[in-house]
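A short worksheet on the structure shown next.
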2 protein chains.
Amino acid sequence: MVRSTLADVARGAGVSVASVSRVLNGLPASIATRDRVREVAHSLGYAPDLAARSLKIRRTEQISVVIDDLANPAYVSMMQGAEAVLRDAGYRIQFSSIGSDSDLGLGTALHAVSRGYADGLIICPLRMNSELVETLRHAPIPVVVIGGLPRGTAIDNVVTDSRLGVNLAMDHLHQLGRRRIAFIDGPLGTNPGDRRLEGYRSAVERLGLPDEDGLRRLTTEFSYAKGAAAAADLIVNSQFDALLAANDMMAIGAMHAIARAGLRVPHRVAVVGIDDSEMCLYSSPPLTSVSLGSRHRGKIAARLLLRRLARPDAPIKRVREAPRLVARDSTSARDFTGADDSTSARDSTGARAKRRGQT
Amino acid sequence: MVRSTLADVARGAGVSVASVSRVLNGLPASIATRDRVREVAHSLGYAPDLAARSLKIRRTEQISVVIDDLANPAYVSMMQGAEAVLRDAGYRIQFSSIGSDSDLGLGTALHAVSRGYADGLIICPLRMNSELVETLRHAPIPVVVIGGLPRGTAIDNVVTDSRLGVNLAMDHLHQLGRRRIAFIDGPLGTNPGDRRLEGYRSAVERLGLPDEDGLRRLTTEFSYAKGAAAAADLIVNSQFDALLAANDMMAIGAMHAIARAGLRVPHRVAVVGIDDSEMCLYSSPPLTSVSLGSRHRGKIAARLLLRRLARPDAPIKRVREAPRLVARDSTSARDFTGADDSTSARDSTGARAKRRGQT
DNA sequence: CTGAAAGCGCTTACAG
DNA sequence: CTGAAAGCGCTTACAG
């Protein structure tokens with residue numbers, strides 16, 4: 001844990017700091033110098049001070065990736081997508097989770113990130129307000145946003161159309177004969193929360209489905225627990241034959257509540273999530289979900305950033321990622337028996353009794 | 001994106017750079033100076049260059065947290081635990097995922113992290129070899145390891161006893177009357193992979209359970225997919241009434257394969273995972289798992305690091321986190337019908353036929 | 001309260 | 001090929 005500097009190595013090797021720097025950066029040097037410097041550097045456990053290096057070369061060779069919620073696999077996929085591209089380009093990646101709860105967190109994280117520790121920033125904010133937009137517009141390093149921006153904002157971004165995504169899900173459920181489609185959303189005021197509610201509303205109108213407050217639930221978080229609680233509440237207070245949740249975590253939470261209530265998926269209630277996370281393949285039943293190409297959006301964001309880094313004055317670019325429905329067993333059509341479902345009613349009773357005994 | 005410096009602000013405000021620095025760092029200054037500096041700084045969108053600041057103050061006010069696999073919720077919990085503590089202490093947190101696949105990744109990530117961009121490092125490596133130990137021992141900043149270290153290594157660390165954890169799981173299954181307990185492990189050569197296999201072996205011997213190669217599977221990754229594949233293989237080639245997977249992701253993958261094969265959990269096969277991730281609550285059925293206190297280990301690691309930062313010469317400390325079994329429906333005892341299980345055999349057939357039609 | 005100056009540890013023209 | 005020197009943008013004693 002003792003820090004040695006270039007000067008220490010230079011002294012040890014009997015050369016100038018310039019020579020040490022050259023050797024360590026692979027620039028031409030005599031073999032004798034090179035060997036001696038390397039030997040001394042190694043024996044001293046020398047590691048360059050990156051802050052000093054960055055200060056001099058005006059680059060950190062790092063990119064910051066900032067997301068809201070590390071526990072959400074969709075964000076993790078984005079980060080992994082971005083990482084793959086950036087790593088290939090020779091950048092190190094630093095992740096920061098800003099924590100959707102605290103605007104405070106966002107402020108400090110952005111501050112940290114925007115200067116001195118990164119050459120560029122990829123950010124996928126849950127909430128996009130005008131203050132954040134201004135902060136990003138004036139950032140001292142190139143920024144790419146994953147998510148929507150006010151029309152005309154001069155920031156590269158990659159967007160998806162989650163309104164459309166929700167409509168794909170609604171069409172799918174509608175085609176399966178489902179009519180009373182409940183919707184569990186995340187918090188309003190967030191980008192996904194707002195867009196997905198819009199999507200639900202437009203689909204309900206377009207398809208002529210029942211438009212009832214009782215079929216909608218807003219939660220305070222895109223989490224398993226909130227999805228489960230909202231679904232439990234829906235089950236008690238509402239009648240529905242399908243359920244769309246605004247992300248996969250909530251959908252899986254909801255399936256849990258549905259199973260606890262003794263209702264079968266998809267027979268009694270078809271369930272659809274959003275994000276098409278890997279876990280959709282392994283839930284029981286496997287979860288139909290709307291892919292918003294999280295990993296790909298991460299990759300695209302990284303490419304946009306590399307482009308901006310290479311050409312700072314390139315025209316602003318916005319890339320769209322199309323949503324896509326991925327159907328799985330949670331909306332398998334074959335067993336839907338309509339509203340009058342005596343089979344699942346019987347199942348229901350049995351399962352309820354069983355649960356009661358266990359918990 | 002235009003970068004202004006302290007000197008720009010000083011010029012604009014008609015004061016020295018020293019005064020600007022003082023104002024911006026909250027040191028005493030006349031009200032007139034303070035207001036003018038702040039105004040100019042704001043209008044210039046000034047943000048301090050953190051590399052320069054770090055170089056001068058010899059601190060970055062950042063901590064690096066390095067994990068192997070961002071997709072694994074256990075690691076995410078650790079990071080979140082560490083983050084909570086470090087944030088309270090005024091540090092910014094930078095996450096890096098080293099990617100278990102490439103030793104290359106580990107090298108560069110460590111290099112990046114070890115000097116200049118962080119004041120300390122928390123690392124939870126999947127593989128702990130002597131080279132890594134040496135690297136960490138000679139790191140220029142304090143290091144805390146989450147995971148085992150060779151006896152006597154002079155690095156603070158927090159460990160859990162996953163051998164014991166596995167034994168708790170085995171005891172639990174044994175008490176439920178299960179005797180043919182299959183085990184799906186991650187790769188050998190990894191810390192958890194090795195320890196958990198040891199645990200399984202010792203439990204099998206201690207409990208007098210059948211010790212057959214056919215009941216064990218090694219995978220190349222602690223993932224959903226590998227867990228599912230290993231379980232599918234076990235189902236075809238082996239007889240078992242319980243299954244322990246070396247982490248929750250593999251356990252959930254395995255439950256998926258078991259469901260596909262038409263076998264019911266826990267009636268026919270009881271399943272246990274390790275890590276007690278949040279998703280265990282929401283899987284279907286909810287998954288019994290061994291908690292290794294991931295979040296808490298993250299917190300403890302952060303506290304150890306803060307202690308080391310405050311007292312560089314404090315004695316080396318190792319903290320143990322005890323494993324704990326959390327029983328849920330995937331090992332519910334009530335429905336176990338023993339090896340001769342005609343009910344689940346019938347289920348099996350029906351489910352198989354159904355799947356075939358769908359995929 | 002304020003400014004001039006030194007210096008953190010590097011890199012990089014510039015001479016030689 | 002090599003060294004002396006300047007300078008990246010800050011902070012901080014040190015004088016005044």
Side-chain angles (χ1 to χ4, degrees), chain A residues 1-38 40-41 44-62 111-112 114-119 139-141, chain B residues 1-38 40-41 44-62 92 111-112 114-119 140-141:
Chain A
M1 246 188 61
V2 67
R3 301 194 176 212
S4 49
T5 67
L6 261 198
D8 296 331
V9 179
R11 201 174 309 119
V15 297
S16 71
V17 292
S19 290
V20 177
S21 174
R22 283 191 205 100
V23 169
L24 267 25
N25 285 303
L27 298 175
S30 71
I31 298 186
T33 304
R34 208 188 55 197
D35 291 349
R36 201 133 36 89
V37 166
R38 284 192 182 152
V40 175
L44 256 48
Y46 171 75
D49 184 304
L50 297 184
R53 180 161 206 273
S54 295
L55 176 58
K56 185 62 189 174
I57 67 175
R58 306 278 69 208
R59 280 177 295 114
T60 61
E61 293 161 335
Q62 297 199 136
H111 182 264
S114 65
R115 190 69 183 275
Y117 290 134
D119 299 337
I141 54 175
Chain B
M1 249 185 58
V2 67
R3 301 194 175 211
S4 49
T5 68
L6 261 197
D8 297 330
V9 178
R11 201 174 310 120
V15 298
S16 70
V17 292
S19 290
V20 176
S21 175
R22 282 190 205 101
V23 169
L24 267 25
N25 285 303
L27 298 176
S30 72
I31 298 185
T33 303
R34 208 188 55 197
D35 291 350
R36 201 132 38 86
V37 165
R38 284 190 182 155
V40 174
L44 258 45
Y46 171 75
D49 185 303
L50 297 184
R53 179 163 205 273
S54 294
L55 176 57
K56 186 62 190 173
I57 68 175
R58 305 277 71 206
R59 281 177 294 116
T60 61
E61 293 161 336
Q62 296 199 136
R92 292 180 300 264
H111 182 263
S114 64
R115 188 71 181 275
Y117 290 133
D119 299 337
I141 54 175

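Atoms considered below: every heavy atom in the structure, side chains included; atoms not considered: hydrogens, waters and symmetry mates. Everything numeric in this text was worked out from a predicted model, so none of it was measured. In the text below, chain A, chain B and the rest are named by the order of the sequence lines, each starting its count at 1.
The side-chain heavy atoms of B/Leu50 and B/Thr60, taken from C-beta on, include no pair separated by under 4.5 Å.
An OP1 or OP2 oxygen of C/dG7 is reached within less than 4.0 angstrom by no side-chain nitrogen or oxygen of B/Arg58. Phosphate contact (OP1/OP2 of D/dT2, side-chain N/O of A/Thr33, threshold under 4.0 Å): present. Proximity of A/Ser30 to the phosphate of D/dT2: a side-chain N or O atom is located under 4.0 Å from OP1 or OP2. Dashed line: the shortest gap from a side-chain N or O of A/Arg53 to OP1 or OP2 of C/dT11 is under 4.0 Å. A close approach under 4.0 Å does occur between a side-chain nitrogen or oxygen of B/Ser16 and OP1 or OP2 of C/dG3.
Nearest heavy-atom pair across A/Ala10 and A/Ser16 is CB-C, 3.8 Å. Pairing each heavy atom of B/Ser54 with each of A/Ala51, the nearest pair is CB-CB, 4.1 Å. In terms of heavy-atom proximity, B/Ser21 sits nearest to B/Leu6 at CB-CD1, 4.0 Å. When all heavy atoms of A/Val37 and A/Val15 are compared, the closest pair comes out as CG2-CG2, 3.9 Å.
A donor and an acceptor atom never sit less than 3.5 Å apart when one is taken from the side chain of B/Lys56 and the other from the base of D/dG9.
Once rounded to the nearest 0.5 Å, the distance linking CG of B/Leu55 with NZ of A/Lys56 reads 12.0 Å. Atom CZ of B/Arg34 is separated from atom CZ of B/Arg22 by 15.0 Å, given to the nearest 0.5 angstrom. Taking CG of B/Leu24 as the start and OG of B/Ser19 as the end, the distance is 11.0 Å to the nearest 0.5 Å.
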Output, in order, the C-alpha distance, side-chain angles, deciding distance and verdict of side-chain contact (heavy atoms from CB on, under 4.5 Å) for A/Thr5 and A/Asp49.
CA-CA 8 Å; A/Thr5 67; A/Asp49 184 304; over 6 Å; no

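Atom C1' of nucleotide C/dT2 and atom CZ of B/Arg36 are separated by 12 Å, given to the nearest angstrom. B/Arg11 places its CZ atom 15 Å from the P atom of C/dG3, with the value rounded to the nearest Å. Taking atom CG on B/Asp35 and atom P on C/dC1, their separation rounds to 14 Å, with Å as the unit. The nearest whole Å value for the distance from the CG atom in B/Asn25 to the C1' atom in C/dT2 is 16 Å. Here D/dG9 presents its P atom at 13 Å from CD1 of A/Ile57, a figure rounded to the nearest Å. Here C/dC8 presents its C1' atom at 13 Å from CZ of B/Arg59, a figure rounded to the nearest Å. Computed from coordinates, the B/Glu61 CD to D/dT11 P distance equals 10 Å when rounded to whole Å.
Residue contacts for B/Ser19: at a heavy-atom cut-off of 4.0 Å it reaches the sugar-phosphate backbone alone, with no base atom in range. If you check every strand for non-hydrogen atoms under 4.0 Å, A/Leu6 touches a base.
Each of B/Leu55 and B/Leu27 lies near DNA chain D, and the nucleotide nearest B/Leu55 is the one positioned closer to the 5' end. Closest-nucleotide positions on DNA chain C for B/Ala52 and B/Gly14 were compared, and the one nearer the 5' end corresponds to B/Gly14.
Residues satisfying the side-chain contact (heavy atoms from CB on, under 4.5 Å) criterion with B/Ala29, sequence neighbours excluded, are B/Val23.
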Could you write out DNA chain D as a dot-bracket string, with dots for unpaired bases, | for bases paired across to another strand, and Watson-Crick or G-U pairs counted at under 3.5 Å?
|||.||||||||.|||

Below 3.5 Å between N/O atoms, which protein atoms pair up with nucleotides 13-16 of chain C? Just atom names and distances, please.
residue	atom	partner	partner atom	Å
C/dA13	N6	A/Arg22	NH2	3.3

